[in-house]
Asker: 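First the structure, which I've put down as structure tokens, then a few questions once you've had a look.
Read the numbers this way: they start at 1 and go in the same order the structure lists the ligands and their atoms.
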Amino acid sequence: MTMMKKIGLLGSTGSIGRNVLRVAETHPERFCLAYLTANTRVDELIAQALKFRPQTAVIADEGGYASLCAGLAGTGIRCEAGAAALADIARDGEADVVLNAIVGAAGMLPTLAAVEAGRDVALSNKESLVMAGELINHICRTSGARIFPVDSEHSAIWQCLAGEQDRDVEKIILTGSGGPFLRRDLSTFDAITPAEALRHPNWSMGAKITVDSATMFNKGLELIEAFHLFHLDPSRMEILIHPESIVHSMVQFRDGSVKAQLGVPDMKVPIQYALTYPEHLLSDWPRLDLAAAGTLHFEQPDLRRFPALALARTALEKGKTYPAVFNMANERAVGRFLKGEISFPQITQAVRTALEAHEALDPLSREDLLFLCKLN
Ligand code: NDP
């Protein structure tokens with residue numbers, strides 16, 4: 001008999017969060033929701049809670065608490081508010097798996113709280129591992145918690161590694177579309193507007209990751225995320241541009257054999273796999289039609305166009321808290337770019353400056369990591 005799995009969903013109102021709920025409603029006999037959380041979109045959180053009937057709904061922005069309570073009055077659904085309530089529910093909520101779909105460093109503390117309590121985490125919030133990968137792995141070793149990747153590239157690598165032995169792996173190859181500016185004239189990058197950066201050719205995602213895909217900071221974050229998930233030396237992790245986003249990533253073995261995982265660009269597939277691993281559950285979502293897709297293209301990334309990739313390698317090679325600074329500086333710069341305060345190339349400059357100025361702190365210290373989150 002298959003057990004009903006209770007999902008604790010952090011960030012339910014985002015692009016990934018909504019897709020998690022689509023997966024859950026596709027398989028009502030397999031999934032239910034233990035709790036839902038949002039930051040500011042309180043009306044959507046209320047509507048989701050009325051539909052999915054979790055035990056608890058949490059709004060991180062305390063300004064939304066009164067509306068949340070009013071919206072869920074008489075339902076028996078408990079209402080909570082504040083950033084601390086997110087970590088509390090991740091630790092104590094009655095979930096079989098915590099799916100963290102919060103965007104940015106705000107997702108780090110809930111991930112830490114969940115793994116400390118020995119809870120498995122289906123992780124979409126890549127910033128958690130980039131900020132605190134060493135600490136999270138350290139905690140998982142003692143608590144027994146596991147991290148299941150949701151990111152499509154890491155899910156692809158995970159699937160390619162199934163049944164394989166570590167010693168047979170030569171390298172992993174992360175693919176990336178190259179985003180909307182793969183062919184744009186470099187001399188016009190100063191003029192890139194937020195609206196242009198928010199137009200991704202293949203994927204529909206939240207604003208931050210869409211800008212990260214345009215700069216390719218996203219692939220840099222994924223490189224660091226892969227390091228903490230798969231424990232390979234950075235020299236054995238490559239990035240390859242693949243504009244069609246059909247090959248989600250690959251693993252090359254020591255006999256020269258290469259395995260790739262393919263699919264239509266639809267996050268429901270890796271989300272569901274993270275929730276059902278090692279099973280592939282029946283779904284009726286669109287199938288990949290390779291004949292219709294036609295030719296697939298691959299090329300080396302141009303580091304002049306995408307300097308974020310070189311910065312990510314620098315941060316990874318320097319280790320310690322450099323990846324955390326790489327993440328925080330990018331997160332702040334993307335926020336400023338979206339407000340029109342800095343230009344597109346200045347995102348990279350801000351991260352470079354922050355990395356150059358940084359003096360390493362202790363990557364296993366929660367206080368040091370929180371200190372980096374609060375720095376301006
Ligand atoms: P969205 O911006 O669409 O959603 C983010 C979610 O996090 C929302 O529910 C939002 O609440 C909540 N949130 C935002 N800030 C805070 C905060 N300070 N405290 C608590 N909750 C907060 O992001 P995405 O769904 O696109 O991305 C989520 C994560 O998944 C990111 O780390 C991203 O890199 C990763 N990812 C996303 C993919 C995608 O296809 N979108 C693919 C692979 C990885 P509210 O709506 O109320 O503001």
Asker: Evaluate the ring planes of H358 and Y322, with Trp represented by its six-membered ring, and classify them as parallel (under 30°), tilted (30 to 60°) or perpendicular (over 60°).
Answerer: perpendicular
Asker: Give the minimum heavy-atom separation between V58 and G82, together with the two atoms involved.
Answerer: CG1-O, 4.3 Å
Asker: Contact residues of ligand 1 with a heavy-atom cut-off of under 4.0 Å?
Answerer: G11, S12, T13, G14, S15, I16, A38, N39, T40, R41, A60, L86, A101, I102, V103, A106, S124, N125, K126, E127, D151, M205, G206, I209, M267
Asker: Between G107 and I102, what is the shortest heavy-atom contact and its length?
Answerer: N-CG2, 3.7 Å
Asker: Would you confirm whether the ring centroid of F181 sits within less than 6.0 angstrom of the ring centroid of F306?
Answerer: no
Asker: Give me the ring orientation class for W158 and Y273: parallel if the planes are under 30° apart, tilted from 30 to 60°, perpendicular past 60°.
Answerer: perpendicular
Asker: Decide yes or no on salt bridge (Lys or Arg N to Asp or Glu O under 4.0 Å) for K126 and E153, but give the supporting numbers first.
Answerer: CA-CA 11 Å; K126 60 189 81 186; E153 293 77 1; 5.6 Å; no
